[in-house]
Amino acid sequence: MTAAPVLPRTFFAREVMTVARDLLGRHLEHDGVVVRLTEVEAYAGPDDPASHAYRGITPRNAVMFGPAGHLYVYFSYGMHWCANVVCGPDGAASAVLLRAGEVVEGLAVARSRRTTARGDAELARGPARLTAALGIGREHDGADLCRDGASITLTPGHPVPDLAVAHGPRVGVGAAADREWRLWVTGDPTVSAYRPGGRRRGGSAP
DNA sequence: CCATTGATCGTCT
DNA sequence: GACGATCAATGGT
């Protein structure tokens, strides 16, 4: 498909917010579908209460503690997969959650993987929808995006100017709500809806 | 358009 | 045993 160059590992081995900002507008490709990233969220390592790395290394989050440029894929709410790109120096355990994008190639394939989508803007609008549209799942946890011949690749795409980048608190996150580490392309219809963090519903019936 | 709720299970306490 | 970095369906304004 696209013959665009893959991003070098040095791109990912920088401070997590810097990488998150630079990921906007870039293209993520896998198995016949290309998505232009429109929304991302930064998560730091053990010092970030909202991060999966907050309580140290476990079997699930082990990839976060490894080298930058690998995919950290986790299982969410018993039915969805979400994908992060590991960032920063090795061991920093920081990562960027890929929250949403616009399908720019492979529309027919993406539609077949997302039959409940109401329109094309909804195909990859949300972290689990994005992985579904691209066909990314558990087998891609730890995938190296920088290796030559990688099945999942991040390519330059089209840069987004500073004026078009908005930021705010992370979606569905209660802890560290003051860190406005969610970045998105202003006004883009493929950006997901905001939902505040905190716990839903309280009581078990007596 | 907005708010609420069930689905469903790996992970960590 | 409780809790999610979520989604889709439902019912109301």
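Just so it is clear, the values below take in all heavy atoms, side chains as well, and ignore hydrogens, waters and symmetry mates. Please read all numbers here as calculations on a predicted model, not as lab measurements.
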Got a list of protein N/O to nucleotides 10-13 of chain C N/O distances below 3.5 Å?
none

I'd like a table of atom pairs between the protein and nucleotides 11-13 of chain B - only N or O on both sides, under 3.5 Å - with the distance next to each one.
unit_1  : atom_1 : unit_2   : atom_2 : d
dC12(B) : OP1    : Thr58(A) : OG1    : 2.5

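Phosphate contact (OP1/OP2 of dA8(C), side-chain N/O of Arg114(A), threshold under 4.0 Å): present. Residue Ser76(A) places none of its side-chain N or O atoms closer than 4.0 Å to OP1 or OP2 of dA5(C).
Rounded to an integer number of Å, the gap from CZ of Arg125(A) to C1' of dA5(C) is 17 Å. Taking atom CE of Met64(A) as the reference point, atom P of dA5(C) lies 12 Å away to the nearest angstrom. Between the CZ atom of Arg129(A) and the C1' atom of dT6(C) there is a distance of 9 Å, given to the nearest Å. Rounded to an integer number of Å, the gap from Trp81(A) CH2 to dA5(C) P is 15 Å. Here the C1' atom of nucleotide dC9(B) and the CE atom of Met79(A) are 8 Å apart, to the nearest Å. As rounded to whole Å, 12 Å separates atom C1' of dA5(C) from atom CZ of Arg182(A). When the C1' atom of dT6(C) is taken as reference, atom OH of Tyr194(A) falls 15 Å away, rounded to whole Å. Between His80(A) atom NE2 and dG4(C) atom C1' there is a gap of 11 Å when expressed in whole angstrom units.
A donor-acceptor contact shorter than 3.5 Å is absent between the side chain of Asp48(A) and the backbone of Tyr43(A). A donor-acceptor pair under 3.5 Å links the side-chain atoms of Arg14(A) to the main chain of Phe11(A), judged by distance alone. For the pair Arg99(A) (side chain) and Val191(A) (backbone), a donor-acceptor distance under 3.5 Å is absent.
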Practice item. Please lay out, stage by stage, how Trp81(A) and Phe75(A) fare under the test ring-ring contact (aromatic ring centres under 6.0 Å, His included). Key: CA-CA 5 Å; Trp81(A) 297 96; Phe75(A) 190 51; 4.8 Å; yes
Practice item. Could you give me the CA-CA distance, side-chain angles and deciding distance for Arg21(A) and Asp162(A), then say whether side chain to side chain contact (heavy atoms under 4.5 Å, CB included) is met? Key: CA-CA 9 Å; Arg21(A) 191 255 169 270; Asp162(A) 286 343; 2.8 Å; yes
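Across Val86(A) and Phe12(A), no two heavy atoms sit closer than the pair O-CB, 3.9 Å. Nearest approach of Arg170(A) to Tyr194(A), heavy atoms of both residues: O-CE1, 3.8 Å. Of all the heavy atoms in Met64(A) and Ser51(A), the pair that sits closest is CE-OG, 3.7 Å. In this structure, Val185(A) and Arg36(A) approach most closely via the heavy-atom pair CG1-NH2, 4.1 Å. Nearest approach of His70(A) to Val63(A), heavy atoms of both residues: CB-CG1, 4.2 Å.
Looking at heavy-atom distances under 4.0 Å, Arg138(A) makes no contact with the nucleic acid at all.
Heavy atoms of other residues, nucleotides or ligands lying less than 6.0 angstrom from CZ of Arg55(A) number 12 at most.
Stems are defined here as 3 or more consecutive Watson-Crick or G-U wobble pairs with pairing distances under 3.5 Å; those involving DNA chain B are B:1-7 with C:6-12, B:9-12 with C:1-4.
Across dA7(B), dA5(C), dC7(C), the shortest atom-to-atom separation from the side chain of Val173(A) is found for dA5(C).
Arg111(A) has a carboxylate O that lies under 4.0 Å from a charged side-chain N of Asp120(A), or vice versa, which qualifies the two as a salt bridge.
Where stacking is scored as ring centres under 5.5 Å apart with planes under 30°, Tyr77(A) registers as stacked on the base of dG4(C).
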